[in-house]
Amino acid sequence: AREDREGMDNMHSGFSVDHDIENVGKLCTVFSAPDYPQFIEAGDTRHNNAATFVRLRGESEWAEPDPVAFTAARPRPESEPYYDIT
């Protein structure tokens with residue numbers, strides 16, 4: 001849904017600064033699921049996106065996000081979904 005919205009970055013990197021307003025702050029989106037979705041049906045799109053966690057550091061008075069991206073393990077380990085995807 002993000003890629004269809006004007007002014008919104010995609011989440012392939014796992015992190016996006018969506019709004020940065022001087023003297024107010026930043027609104028960031030963090031996507032924590034790499035290679036989303038985990039369970040897909042044949043023919044569905046796998047996004048191969050990264051995921052991110054954000055560190056806030058005292059040097060910036062906790063105001064500057066320090067994003068750390070990571071990717072899914074390859075090959076993906078076998079796992080069973082909690083629901084029927086067929």
Side-chain angles (χ1 to χ4, degrees):
R2 289 179 66 88
E3 59 267 7
D4 297 333
R5 296 188 60 191
E6 185 176 326
M8 305 228 33
D9 293 336
N10 68 48
M11 291 302 298
H12 292 282
S13 69
F15 177 81
S16 175
V17 176
D18 297 323
H19 302 283
D20 187 356
I21 301 171
E22 189 174 342
N23 298 320
V24 174
K26 296 179 180 173
L27 174 67
C28 303
T29 299
V30 177
F31 195 72
S32 61
D35 196 22
Y36 182 81
Q38 182 174 3
F39 305 109
I40 62 172
E41 295 183 38
D44 283 353
T45 301
R46 182 172 294 287
H47 296 285
N48 297 310
N49 61 288
T52 300
F53 63 89
V54 173
R55 292 183 289 208
L56 299 175
R57 299 177 182 267
E59 302 88 60
S60 69
E61 296 183 13
W62 316 105
E64 288 298 320
D66 179 17
V68 179
F70 59 96
T71 57
R74 301 270 191 236
R76 293 203 55 135
E78 288 291 324
S79 60
E80 294 294 325
Y82 293 111
Y83 51 91
D84 183 12
I85 63 170
T86 58

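The basis for the numbers below is simple: all heavy atoms, side chains too, and nothing from hydrogens, waters or symmetry mates. Treat the numbers as computed from the prediction; the structure is a model and nothing was measured.
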Which atom of [X] lies closest to which atom of [Y], heavy atoms considered:
| X | Y | value |
| --- | --- | --- |
| A69 | S13 | CB-O, 3.9 Å |
| C28 | V17 | SG-CG2, 4.0 Å |
| P34 | T71 | CB-C, 3.9 Å |
| V30 | T52 | CG1-O, 3.0 Å |

Within the 4.5 Å heavy-atom criterion, are F53 and S32 side-chain neighbours or not?
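They are not in contact (no side-chain heavy atoms under 4.5 Å apart), so the answer is no.
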I want to check something: taking the side chain as every heavy atom from C-beta on, are K26 and E64 in contact at a cut-off of under 4.5 Å?
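Sidechains of E64 and K26: in contact.
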When hydrophobic residues are tied together by side-chain contacts of less than 4.5 Å, even through go-betweens, does F15 share a cluster with L56?
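Looking at the clustering, L56 is in the same group as F15.
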